[in-house]
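Below: one structure in structure tokens.
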Amino acid sequence: MNTLFDLPADGPAKPRHADLLDDLNPAQREAVTHAGSPLLVVAGAGSGKTRVLTRRIAYLLAERDVHPGQIMAITFTNKAAAEMRERVSDLVGRRANAMWVSTFHSMCVRILRREAKTLEMSSSFSIYDSDDTKRLITLVARDLDIDPKKYAARTLAVNISNLKNELIGPETAVADAGNDLERRVAEVYVEYQRRLNQANAFDFDDLIMRTVELLQTFPDVAEYYRRRFRHVLVDEYQDTNHAQYTLVRELVGTEENEAGIGPAELCVVGDADQSIYAFRGATIRNIEEFERDFPNARTVLLEQNYRSTQTILNAANAVIARNPNRRAKRLWTDAGDGEKIVGYVADNEHDEAAFVAGEIDALADKGEADYSDVAVFYRTNNQSRVFEEIFIRLGLPYKVVGGVRFYERREVRDMLAYLRVLANPEDTVSLRRVLNVPKRGIGDRAEAVIATYAERERISFAQALRGAVNGEIPLLNPRSAKAITGFVELMDELGEVVESGAEVADVLEAVLERTGYRAELEESDDPQDASRVENLTELVTVAREFTEFTAEVAGPDGELPEADPGVPEPGSLPAFLERVSLVADADSIPAADGGEDGDGHDAGVVTLMTVHTAKGLEYPVVFGTGWEDGIFPHMRALGDPTELAEERRLAYVAITRARKRLYVSRSMVRSAWGQPQMNPASRFLDELPAELVDWRRLAPSSSSGGFGSSGGSPRAATTWGSRGGGSSSSSRAASTSPFGKAWKDTVALKLDVGDRVSHDKYGLGTVVACDGAGPRATATIDFGAAGKVRLMLIGSVPMVKL
Ligand SMILES: Nc1ncnc2c1ncn2[C@@H]1O[C@H](COP(=O)(O)OP(=O)(O)OP(=O)(O)O)[C@@H](O)[C@H]1O
Ligand SMILES: [Mg+2]
């Protein structure tokens with residue numbers, strides 16, 4: 001079903017109309033062929049919304065003589081964008097390259113690169129991710145003498161982000177600030193924004209906000225894009241926030257302008273029940289008010305689900321029906337009832353993971369599913385570790401999507417910071433990051449002197465460094481000045497490598513060599529540093545592949561189809577950095593992580609991910625794990641009806657990812673934060689109709705009344721919990737799991753330098769030193785991002801050797 005029509009050698013043939021519409025139901029067909037007025041497709045999960053969007057693009061190209069360059073399609077994640085591009089190229093071949101298929105963020109980067117000068121920025125701007133943002137906000141708050149205990153950088157960052165999502169600029173924030181927090185936030189916001197500008201950088205929220213500003217302030221710019229993009233299509237519209245909504249409006253235009261250009265055709269698809277990004281300002285208002293926002297809009301409803309069995313759908317419908325204030329809708333399928341949902345109550349999280357692993361193995365043995373058919377979902381990233389441990393031990397191939405990402409590793413960030421400074425010397429956050437990495441004698445004091453000088457002279461940090469070389473900064477001691485001179489010369493030298501037109505991978509090699517960064521790691525006897533070297537080698541590989549990939553897209557003639565001024569020169573350093581910034585986006589799946597294709601359906605591996613990441617995807621077999629009150633729904637939501645409704649939508653998303661088989665499990669005891677805790681069953685388990693669930697294992701001492709009668713989910717843990725009296729030792733003793741035993745019974749863990757361990761609180765680590773013996777035995781363990789920790793090895797160490 002990949003190719004609906006063949007491409008003759010001399011260019012794409014016109015597909016026959018019928019082919020494109022054949023396998024659609026009447027409502028889908030209507031949505032695909034609708035022309036003219038704005039179109040909203042609202043429908044439950046798995047009803048073919050994304051299919052409609054993709055097919056509509058093919059139909060526009062084939063039947064309505066639309067040029068690929070006139071199409072802009074927006075998806076929620078880079079993964080979805082890649083998938084859509086692929087689906088469309090299957091339909092129309094290489095012509096698909098001229099379309100813009102991207103996330104909101106990537107699309108804005110493209111526009112901003114092209115138009116940066118209009119906003120008084122340079123087109124080589126940097127993109128600050130949440131980590132850079134926090135660093136800069138920390139610096140700003142410190143300079144403004146803000147007490148970090150009272151106003152943590154994180155709090156300030158969240159508040160500023162919220163303002164940006166509402167398109168509230170710094171001046172307005174200052175004017176509107178009504179209380180102490182708001183005043184502080186506004187104050188930081190003003191300075192933060194000034195420094196972003198000075199650093200020639202945009203943060204993630206800026207990408208959207210500043211693009212809106214651009215389109216609203218400069219009508220000719222807006223007109224250019226309106227002329228160009230005659231079709232705008234948006235998937236997952238329920239997760240757009242105010243800024244994104246405004247952006248869509250600006251792109252499409254609402255009425256005919258003087259030049260006689262009418263609004264572009266808009267098509268959005270979404271499902272209010274799957275809105276799960278309220279914490280980023282997403283609002284279902286955008287779906288609900290679509291007809292008001294876009295007059296003459298047409299709404300199409302889809303009701304047939306093509307993804308799941310009736311059992312799975314009934315479960316999903318029953319859970320979401322508990323949410324107040326929603327428009328009821330019924331999903332049906334003709335796929336039949338299929339298998340019952342399987343439920344499992346585990347003793348602890350190790351037992352739960354063992355159950356999941358065992359079940360996956362059994363399905364594979366019986367030939368009922370390949371590993372790649374299976375996805376394991378959890379509520380938060382930190383829950384992946386237990387699954388990883390068991391999968392590693394059992395040799396079950398898996399892949400974690402999201403979590404601690406390649407691009408978040410220290411050494412990778414250091415190298416990218418070098419590259420960013422080379423592309424954009426004004427990028428102060430990156431510059432200050434690498435100033436003394438590896439150590440070259442530029443201490444904190446020297447850095448502060450430079451920063452103050454830059455501040456006073458109103459010049460950038462990079463310019464101030466040059467000032468230091470020229471002896472213009474009197475407070476700097478000669479040793480520091482010399483070190484700085486060395487650094488500036490080094491950067492100039494590397495700058496020449498870039499100028500010479502070297503490939504990104506070679507620039508990276510030059511940085512690794514000439515800064516001494518790699519040598520330092522290689523000389524270290526810390527085993528963690530060995531893995532850092534490997535990661536850097538991997539980064540060089542990523543850069544190489546990037547160049548090769550670009551060459552491939554460009555074709556033998558080296559010309560990219562439809563060269564676009566918004567795109568940095570293919571294969572260039574800015575192009576590489578842009579790609580990396582965007583794949584490192586929090587809601588994306590890093591294609592480069594591990595180096596394989598990154599489409600989530602790798603041959604032969606089980607996929608582990610959070611429910612948030614799973615949005616829009618589907619798998620024949622889904623394990624929903626950790627269904628406990630306090631985990632899923634999240635602790636934060638327990639006393640808050642609005643948050644609880646959002647968690648319930650998340651449960652709806654989780655359930656509706658499954659095509660054939662759904663498992664739900666919970667654990668009676670979970671050591672989520674280092675301390676064993678007993679969580680009652682998730683209320684969402686109670687909401688599953690009892691007759692749909694086959695409980696493979698129930699909680700022990702599930703006394704009164706049975707579970708079937710109470711709606712299918714055993715809530716025995718509550719009574720069990722009170723028996724346990726909250727004492728961690730007794731709750732541990734109650735565990736019967738062979739996997740639980742591994743840590744529970746450890747009296748003195750025997751470890752050697754180089755051993756890999758997994759700690760309940762700190763995560764995966766490597767032993768770097770062992771001291772003492774017997775009861776005084778300790779090990780120093782490097783837990784990566786969590787740092788180095790020295791631990792006693794006696795008693796119940798919440799840690800296993802891998
Ligand atoms: N008319 C149809 N005939 C056969 N299969 C279909 C049809 N419409 C959709 N499908 C299939 O159903 C599945 C779900 O479709 P799709 O992913 O487009 O749904 P969706 O509404 O976007 O779901 P979600 O809300 O989860 O994003 C896909 O495998 C798709 O190929
Ligand atoms: Mg979809």
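When reading the values below, keep in mind they use all heavy atoms of this one structure, side chains included, and skip hydrogens, waters and symmetry mates. Whatever order the structure lists ligands and atoms in, that order sets their numbers, starting from 1. Being a predicted model, the structure only gives us computed values, none of them experimental. Residues take their numbers from the sequence shown, with the count starting at 1.
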Legend entry - Nitrogen or oxygen atoms of L24 and ligand 1 under 3.5 Å apart: no

Inset, instruction - Answer yes or no: does an N/O atom from G48 fall short of 3.5 Å to an N/O atom of ligand 1? - result: yes

Inset, instruction - Determine the interplanar angle of the F294 and Y245 rings, folded into 0 to 90°, and report it as parallel if under 30°, tilted if 30 to 60°, perpendicular if over 60°. - result: perpendicular

Inset, instruction - Take the angle between the ring planes of Y344 and F355 and call it parallel below 30°, perpendicular above 60°, tilted in between. - result: parallel

Inset, instruction - Mark up the atoms of ligand 1 that fall under 4.0 Å of a heavy atom belonging to D23, in ascending order. - result: 1 (N), 2 (C), 3 (N)

Inset, instruction - List every atom of ligand 1 that sits less than 4.0 Å from any heavy atom of R657, numbering the atoms from 1 in the order shown and giving each element. - result: 26 (O)

Legend entry - E646 with R649: basic N within carboxylate O range, under 4.0 Å: yes

Inset, instruction - Indicate the atoms forming the closest heavy-atom contact of L21 with R29, along with that distance. - result: O-NE, 3.2 Å

Inset, instruction - For E289, enumerate each residue passing the salt bridge (Lys or Arg N to Asp or Glu O under 4.0 Å) test, keeping only those at least two apart in sequence or located in another chain. - result: R292

Legend entry - For G616, the ligand 1 atoms whose distance to one of its heavy atoms is below 4.0 Å: 27 (O)

Legend entry - The one among R307, R55, E236, E618 that brings a heavy atom closest to atom 28 (C) of ligand 1: E618

Legend entry - Any pair counted as ring-ring contact (aromatic ring centres under 6.0 Å, His included), so long as it reaches residues 311-342, sequence neighbours left out: none

Legend entry - Q28 contact mode with ligand 1 (heavy-atom cut-off under 4.0 Å): side chain

